[in-house]
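To keep things clear, I will list the structure first and then write my remarks on it.
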Amino acid sequence: MHMLLLSSCLFAGGIAHAANDLPGGGIDPQALSRHVRILASDAFEGRAPASAGEQRTVDYLIAEFRKAGLQPGGSEGGWVQPVPLVRAQVQGPVRASLRLRGKRRALVNGEDVTLQSLRPQARVKLENAPLVFVGYGIDAPERGWNDYKDLDLHGKIAVVLINDADFEADRPGAFEGKAVTYYGRWTYKYEEAARRGAAGVLIVHETAPAAYPWATVRASGTSPLFDIERSPEQALAQHVPVRGWMQRALADDIFRSAGFDFETEKRKAMRPGFQPLALGDAALSADFALKRDPVVTRNVVAKLPGARHADEAVIFSAHWDAFGIGQPDAHGDRIRHGAIDNATGVASVLELGRVFAAGPQPQRTLYFVALTVEEKGLLGASYYAAHPLAPLDKTAAVLNIEMFSPDGPTRDIASWGKGRVSLEGDLERVAKARGRRYSPDPNLEAGFFYRADHFAFARLGVPAITIGPGLDRLEGGVETGRALRDAYFASCYHQACDGWRPDWDASGHAADTLLVYDLGLELANSRRWPQWDEGSEFRAIREHSEAARR
């Protein structure tokens, strides 16, 4: 066991100290693989929040944290932090159609469109709501950008493009090139349209700017939605009556029917002078029932109390949830197992907890947190950040883990997005000490910085990153690593085939987890406080909290 890990850490040169000198024998690749196998098994039913799969997941995590010798870190001295939510799911068939040039065209939910709603109502019923193209659906005054102009969206369906206006532009513009901003995220587009009173939003799906295929949209778009608890008035203001996506081919037909070319109008939307465009007589009708019920899901929290600075915290986190049971795939499998996304991250948090608990007491208190409902909008992390178990102004850093690789060791490690935070340089330094290197996110246009749980902490000023695998594989280099990653996102991301396999090679997973341990160990025993770089949108928030702390 130790030789397997040691070889994975020695592959590119010297290391700071041998893996089997670490407490508890170091990071165990067999344990990582075992955790993933169990969590992604059929018995856990895809780990959907508020399901039997959640209960099995929570029980397993508590048992493993307890076995490691950690203490409960949740609410009221327990192992969990309850997260109260509302679950909304479509009940029965979705009847939807488009009027195009006076004719009615039926739409198949999950194939032509995905339609959902988080509005507090028992039924969604729209009749001939006009479609209006609003470009990227962005209002960013600080960037001199407003796609809506003076448009009144009440009673209308906003048709919007995914990502932001620089993604396919010839040169960087208001949105800093291909690295997507928060304005490019689907969550923002729904929020902004709701603020403007739209009857609905249809996002045009294209694989490259979305960074995932239609199969991913279908899997998530036909699953239950979750929202934080709100008053009826707040929920009505926050959510449009209908939200969803449409296939690019359908968008082509709609634009053509109105006398426009989709590509031409998309190019116009890449400029700040864009004007909203009524799409002829195109109008959406939709009718479906909704079931809304309050649910309580749970973050699972363990801690290792600090010695000298127990009031200060370092958080290791990963989300435990996946997409549960859905429509059968081509092989008849209905369980979205969530092995890579994100049983791998949870396995790392479990192993980190075990190894730290086996070692000397840290100076700062360490929290090991398995977060819920990441896949539906970072809700578990957002709830923790709003109701922290350790004060945020005394939380030195959040090291979040996502989607470590089952494909063996790489020469590098990466983090998601460009966070402009000192933790990125710290990760580069500990990687170098192990004979490895740090690779900045090679896919900034996918907007991963805004798609992982660390963002819920970052937006409140806490230095935070999500750490993920590199691409430069020992066997095959970057070309092979990129091909494996692209194949995963094209075929298995959020789908049933994201499962554990007997040929899983956890040596790279272990080597990456070891680097998280190295960085965490420094943070656990340091008087240093990580910082946001100059120009970060989160720097001022942190500086304000630090001034209050002093």
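Quick caveat: nothing in here was measured; it's all calculated off a predicted structure.
From R473, atom CZ reaches atom OG of S405 across 7.0 Å, with rounding to the nearest 0.5 Å. Here the OG1-CD distance, from T187 to E192, works out to 12.0 Å after rounding to the nearest 0.5 Å. Rounding to the nearest 0.5 angstrom, the gap separating the CZ atom in F316 from the CZ atom in F356 is 4.0 Å. To the nearest 0.5 Å, atoms CD1 (I315) and OG1 (T395) are separated by 4.5 Å. Atom OG1 in T480 sits 9.0 Å away from atom CD in E475 (nearest 0.5 Å). Rounded to the nearest 0.5 angstrom, N299 CG and L371 CG are separated by 5.0 Å.
No side-chain heavy atom of Y136 sits less than 4.5 Å from a side-chain heavy atom of V160. Side-chain contact between V398 and S317 is present, with at least one heavy-atom pair separated by less than 4.5 Å. Using a 4.5 Å heavy-atom threshold, the side chains of L366 and K303 count as separate. A 4.5 Å side-chain heavy-atom check between W532 and R420 finds every atom pair outside the cut-off. Using a 4.5 Å heavy-atom cutoff, the side chains of E402 and H319 are in contact. Here the side chains of R298 and Q81 are not in contact, with every heavy-atom distance at 4.5 Å or above. Inter-residue side-chain proximity for S536 and V421 is flagged as unmet; no heavy-atom pair is nearer than 4.5 Å.
For the residue pair H509 and V36, the shortest heavy atom distance occurs at CE1-CG2, 4.4 Å. Shown here for E168 and E206, the closest heavy-atom pair between the two residues is OE1-OE1, 4.5 Å. Here the closest heavy-atom approach between residue S223 and residue F323 is recorded as OG-CD2, 3.9 Å. Nearest heavy atom pair, residue S415 against residue D441, reads O-CB, 3.4 Å. Closest approach of Q495 and T216 over heavy atoms only: NE2-OG1, 4.0 Å. In this structure, L392 and R542 approach most closely via the heavy-atom pair O-NH1, 3.1 Å.
A distance-only check finds a donor-acceptor pair linking the side chain of R47 to the backbone of H337 [under 3.5 Å]. Between the side chain of D505 and the main chain of D407, no donor-acceptor pair closer than 3.5 Å is present. In this structure a side-chain-to-backbone donor-acceptor pair under 3.5 Å is present from R364 to L523. With hydrogens and angles disregarded, no donor-acceptor distance shorter than 3.5 Å links the side chain of D164 to the backbone of Y183. Using modelled atom types, no side-chain atom of T365 and backbone atom of P305 make a donor-acceptor pair closer than 3.5 Å. H494 places no side-chain N or O within donor-acceptor distance of the main-chain N or O of R336, the cut-off being under 3.5 Å. Side chain of R354 to backbone of G24: a donor-acceptor contact under 3.5 angstrom is found. In this structure a side-chain-to-backbone donor-acceptor pair under 3.5 Å is present from N163 to P209. Proximity of a side-chain donor or acceptor of R243 to a complementary backbone N or O of Q116 within less than 3.5 Å is not detected. A donor-acceptor contact shorter than 3.5 Å is absent between the side chain of E424 and the backbone of Y438.
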**Request:** Check step by step if salt bridge (charged side-chain N to carboxylate O under 4.0 Å, His left out) holds for E522 and R429.
**Result:** CA-CA 11 Å; E522 285 189 6; R429 178 171 42 76; 2.7 Å; yes
**Prompt:** Stepwise, does the side-chain hydrogen bond (donor to acceptor under 3.5 Å, both in side chains) test hold for W214 with T207?
**Reply:** CA-CA 7 Å; W214 179 258; T207 296; over 6 Å; no
**Request:** Kindly indicate, with the supporting measurements, whether the criterion side-chain hydrogen bond (donor to acceptor under 3.5 Å, both in side chains) is fulfilled by R218 and Q247.
**Result:** CA-CA 10 Å; R218 180 175 58 237; Q247 290 265 34; over 6 Å; no
**Request:** Might you work through the ring-ring contact (aromatic ring centres under 6.0 Å, His included) test for F457 and Y384, ending with a clear yes or no?
**Result:** CA-CA 9 Å; F457 296 91; Y384 179 101; 5.6 Å; yes
**Message:** For W416 and F449: C-alpha separation, side-chain torsions, deciding distance, then whether ring-ring contact (aromatic ring centres under 6.0 Å, His included) applies.
**Reply:** CA-CA 5 Å; W416 286 30; F449 188 81; over 10 Å; no
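Relative to the ring axis of Y182, R459 places its NZ or CZ within 45° and under 6.0 Å from the centre.
Among residues two or more places apart in sequence or in another chain, the side chain to side chain contact (heavy atoms under 4.5 Å, CB included) test is passed with D329 by H331, D333, A496.
Heavy atoms from other residues, nucleotides or ligands lying under 6.0 Å from NZ of K178 number more than 12.
Taking the charged nitrogens against the carboxylate oxygens, R436 and D412 have no contact shorter than 4.0 Å, which rules out a salt bridge. Ionic pairing of D59 and R56 is not present here: no N-O contact between side-chain nitrogen and carboxylate oxygen is shorter than 4.0 angstrom. At a threshold of 4.0 Å, the pair R527-E312 counts as salt-bridged, since one of the basic side-chain nitrogens sits closer than that to a carboxylate oxygen. In summary, E534 and R539 engage in a salt bridge, as defined by a charged side-chain N under 4.0 Å from a carboxylate O. With respect to R437 and D472, a salt bridge is recorded, a charged nitrogen being found less than 4.0 Å from a carboxylate O.
Ring-plane geometry between W186 and Y190 is classed as perpendicular, the angle between the planes exceeding 60 degrees on a 0 to 90 degree scale with a lower cut at 30. Note: F455 and F538 have perpendicular aromatic rings, judged against thresholds of 30 and 60 degrees for the angle between ring planes.
When only modelled atom types and interatomic distance are considered, T372 and D321 share no side-chain donor-acceptor pair under 3.5 Å. There is a side-chain donor-acceptor pair under 3.5 Å between W500 and S33. Using a 3.5 Å distance cut-off with no hydrogens or angles, the side chains of D498 and Y488 do pair a donor with an acceptor.
Residues in residues 453-535 take part in these disulfide (SG to SG under 2.5 Å) pairs, two or more places apart or across chains: C492-C497.
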